[in-house]
Amino acid sequence: MQYWLMKSEPDEVSMDDVMASPNRTTAWFGVRNYQARNFMRDAMREGDGVLFYHSSCAQPGIAGLARIVSQPYPDASQFDPVSPYYDPKASPEQPRWISIDVQGTHKTRLLPLAELRSIPELAEMVVLQKGSRLSITPVTPDQWRYIEALLTGAA
DNA sequence: GCCAACGTTGGC
DNA sequence: GCCAACGTTGGC
């Protein structure tokens, strides 16, 4: 069991969109960065916890909690010539990019980036490190527990 | 819109 | 394999 922070632009997919999806589940596709891809392919597994983060927006921060509900599988958009995520170098025989299904569990209050930065217990979070741009970053169990308790009131 | 930081591309 | 140029991310 591992924990992750996943960035989404709320104009594309917001926490509300996830919670409104059938079974509160949506396919995470369009990752086109090898480091993030490798996390999905090699480390993410069904049941892992996800901090759902809104990026590139007026109020960046954590918007809810989710979990991984599938194994990794090839991202269909890489084969679609009209998709903005089309990759001519990928083929169904040799897929390059990975999707995974994410299910929303709690929509929470927005935990703003500035507040995250103000919490000493969270100072080591990968997403807070200088220059960090990865759309998927690992979260430690301690960081997860702290944020989960903060946002859900769970002990 | 600005800009820092990082990733990718491609010539050599 | 090096590295300059370019593109992207993402907070502000």
Side-chain angles (χ1 to χ4, degrees), chain A residues 2-21 25-45 48-68 70 72-140 142-144 146-148 150-151:
Chain A
Q2 297 185 83
Y3 302 97
W4 309 95
L5 181 144
M6 299 175 83
K7 291 182 187 173
S8 181
E9 302 190 14
D11 287 350
E12 304 286 332
V13 181
S14 70
M15 190 68 201
D16 283 337
D17 294 333
V18 174
M19 297 307 277
S21 300
T25 298
T26 189
W28 205 279
F29 66 95
V31 171
R32 294 295 180 270
N33 171 282
Y34 287 104
Q35 235 182 311
R37 190 277 312 266
N38 292 348
F39 280 138
M40 296 174 89
R41 186 189 61 191
D42 303 334
M44 277 189 164
R45 290 299 177 263
D48 284 0
V50 172
L51 302 173
F52 193 98
Y53 181 93
H54 285 177
S55 69
S56 294
C57 60
Q59 289 271 318
I62 294 171
L65 306 180
R67 65 177 161 232
I68 301 299
S70 79
Y73 58 91
D75 178 344
S77 66
Q78 68 191 305
F79 312 129
D80 179 357
V82 301
S83 167
Y85 299 113
Y86 178 61
D87 183 345
K89 293 179 181 167
S91 67
E93 296 73 30
Q94 291 218 312
R96 179 180 288 205
W97 305 110
I98 297 290
S99 274
I100 208 159
D101 292 345
V102 174
Q103 180 181 51
T105 54
H106 305 272
K107 181 187 174 177
T108 65
R109 78 171 171 96
L110 188 94
L111 175 53
L113 177 60
E115 184 176 345
L116 279 177
R117 291 195 187 284
S118 77
I119 300 172
E121 288 87 343
L122 302 179
E124 304 299 317
M125 285 188 78
V126 176
V127 73
L128 300 182
Q129 304 313 304
K130 185 175 180 179
S132 172
R133 304 188 313 182
L134 268 186
S135 58
I136 299 173
T137 50
V139 172
T140 69
D142 283 347
Q143 291 162 357
W144 171 270
Y146 188 96
I147 292 169
E148 183 183 40
L150 186 63
L151 292 178

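Chain A is the first sequence line, chain B the second, and so forth, proteins listed ahead of strands; every chain is numbered from 1.
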Let me know the distance between [atom1] of [X] and [atom2] of [N], rounded to the nearest Å.
X: A:Asp87; N: B:dT8; atom1: CG; atom2: C1'; value: 13 Å
X: A:Ile136; N: B:dC6; atom1: CD1; atom2: C1'; value: 17 Å
X: A:Tyr53; N: C:dT9; atom1: OH; atom2: P; value: 15 Å
X: A:Tyr85; N: C:dT8; atom1: OH; atom2: P; value: 12 Å
X: A:Leu128; N: B:dA5; atom1: CG; atom2: P; value: 16 Å
X: A:Asn33; N: C:dT9; atom1: CG; atom2: P; value: 9 Å
X: A:Gln35; N: C:dT9; atom1: CD; atom2: C1'; value: 14 Å
X: A:Arg117; N: C:dG10; atom1: CZ; atom2: C1'; value: 11 Å

message: Working note: A:Glu121 + A:Leu150, criterion side-chain contact (heavy atoms from CB on, under 4.5 Å); need CA distance, chi angles, decisive distance, verdict.
response: CA-CA 12 Å; A:Glu121 288 87 343; A:Leu150 186 63; over 6 Å; no
- request: Name the nucleic acid region contacted by A:Glu9, choosing base, sugar-phosphate or nothing; use a 4.0 angstrom heavy-atom cut-off, strictly under.
  value: nothing
query: A:Lys130 side chain N/O closer than 4.0 Å to the phosphate oxygens (OP1, OP2) of B:dA5?
result: yes
- request: Measure from the side-chain heavy atoms of A:Lys7 and tell me the nearest of C:dG10, B:dC6, C:dG11.
  value: C:dG10
Donor on one side chain, acceptor on other, A:Arg96 and A:Tyr34, under 3.5 Å: yes
query: Do you see a donor-acceptor pair shorter than 3.5 Å between the side chains of A:Arg133 and A:Ser55?
result: no
message: Check this for me: does any side-chain nitrogen of one of A:Arg37 and A:Asp75 sit under 4.0 Å from a carboxylate oxygen of the other?
response: no
